Amino acid sequence: MGATKQTLRKLLVAFSTIAVLVSCNKDETSTTTPVSTEVPAVYKKVYGATSITSDGTYIYFKTKNLPDHKSPYYATTNPLYEAYNGSTFGGNEFKKNPNTIAEYNATVKIPLNPKVDASHPATPLGAIGIALNGVALFNQYAGPNNQALAGEIVSFDKYYGHPQNSGVYHYHVEPLYLTTVKSKKSGLMGFLLDGFPVYGPQEENGTTVTSSMLDAYHGHTHATVDYPNGIYHYHFTADSPYLNGNGYYGTPGTVTQ
Ligand SMILES: [Zn+2]
Ligand SMILES: [Zn+2]
């Protein structure tokens, strides 16, 4: 009896030692699994960013927010200054606003794995996303209290952007330089702060996208060249609200100066 008890005790000690060893190993492996801070290729398409990094949860774009195309809104001494010579969005006569493009150093932080947010937070005035050339994307309003954009459209330059009163250049509608020079009508145009991508006004098969084909947030889900497994994405459209509807589809990140 005594010998059996001793053997049992030895066995128990041995088992608990193994259990401790196993759990220790488990702890070690879970805490040392490295978080990938690699930036997926799709984000590197934002060629205007001065740096693109990741902490494994978010992607961080640093930008000076200066358009890489000519504009009558650059100071006349700037090599990218060009007197207005295009046609406006909507075909109205161009009316320059009094603002001049200024550098706006910002960090745009977006989730690496965008997720739907059932509350669909409203988009604020100011930057709601970043275009491939590092320029800010703005929503469909001209000012507080959802002031209509209609009166501002005449001040869009030939690439459909303009600066606000502190010189921050931005697009509310299709960024024509990206859809016609740098990429194409169906190309990736950038990202909204919720991390979901923004595409041009056409699908890959040439179909022109209109707002009626999209949901209340101005997007829909299907496979794209950049996301062959399918993803929710916004589209620029020629008709209002142009880029975003009733708020973000997902949980937005931030823009900080
Ligand atoms: Zn504006
Ligand atoms: Zn689409």
Side-chain angles (χ1 to χ4, degrees), residues 42 65-67 71-73 88-90 92 94-102 104 106 114 123-131 135-177 179 183-192 194 196-245 249-250 255:
V42 67
N65 204 75
L66 294 172
S71 173
Y73 288 108
T88 59
F89 184 78
N92 300 297
F94 175 66
K95 289 204 176 67
K96 196 168 178 279
N97 77 22
N99 311 322
T100 302
I101 296 171
Y104 170 68
T123 56
L125 293 175
I128 66 163
I130 184 168
V135 163
L137 299 174
F138 275 31
N139 72 12
Q140 71 274 37
Y141 301 115
N145 306 315
N146 297 351
Q147 225 172 89
L149 193 63
E152 274 203 2
I153 287 177
V154 292
S155 71
F156 293 170
D157 64 22
K158 74 168 176 184
Y159 293 122
Y160 298 169
H162 67 174
Q164 43 77 295
N165 54 12
S166 59
V168 178
Y169 191 85
H170 56 276
Y171 306 111
H172 297 264
V173 303
E174 177 185 348
L176 208 60
Y177 186 68
T179 57
S183 181
K184 53 183 182 173
K185 295 276 181 185
S186 61
L188 178 78
M189 294 292 120
F191 297 88
L192 289 200
D194 61 5
F196 287 106
V198 177
Y199 281 85
Q202 284 181 13
E203 297 290 11
E204 199 56 28
N205 64 8
T207 306
T208 295
V209 181
T210 60
S211 296
S212 63
M213 295 156 71
L214 306 170
D215 68 14
Y217 316 100
H218 217 244
H220 61 183
T221 303
H222 62 76
T224 71
V225 171
D226 310 284
Y227 298 90
N229 297 325
I231 190 160
Y232 183 87
H233 57 279
Y234 302 99
H235 275 282
F236 278 109
T237 58
D239 60 332
S240 175
Y242 314 112
L243 165 61
N244 179 256
Y249 182 71
V255 177

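Both counts, for ligands and for their atoms, begin at 1 and track the order of listing. The model shown is predicted, which means the values in this text are computed figures rather than measured ones.
Among heteroatoms of the N, O or S kind in H235, NE2 lies nearest the Zn ion (ligand 2).
Aromatic ring centres of H218 and Y234 lie farther apart than the 6.0 Å criterion allows.
Between the OE2 atom of E203 and the NE2 atom of H222, the angle taken at the Zn ion (ligand 2) works out to 80° after rounding to 10°. With the Zn ion (ligand 2) at the apex, H233 NE2 and H220 NE2 define an angle of roughly 100° (rounded to 10 degrees). Angle subtended at the Zn ion (ligand 1) by H172 NE2 and H170 NE2: 100°, rounded to 10 degrees.
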Margin query: Let's go through Y242 and F89 carefully: what are the C-alpha distance in whole Å and the side-chain angles of both, what is the deciding distance for ring pair (Phe, Tyr, Trp, His ring centres under 6.0 Å) to 0.1 Å, and is it a yes or a no?
Written below: CA-CA 11 Å; Y242 314 112; F89 184 78; 5.6 Å; yes
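Looking at residues two or more places apart in sequence or on another chain, you find a side chain to side chain contact (heavy atoms under 4.5 Å, CB included) between K95 and V154. For E203, the salt bridge (Lys or Arg N to Asp or Glu O under 4.0 Å) criterion is met by no residue, not counting sequence neighbours.
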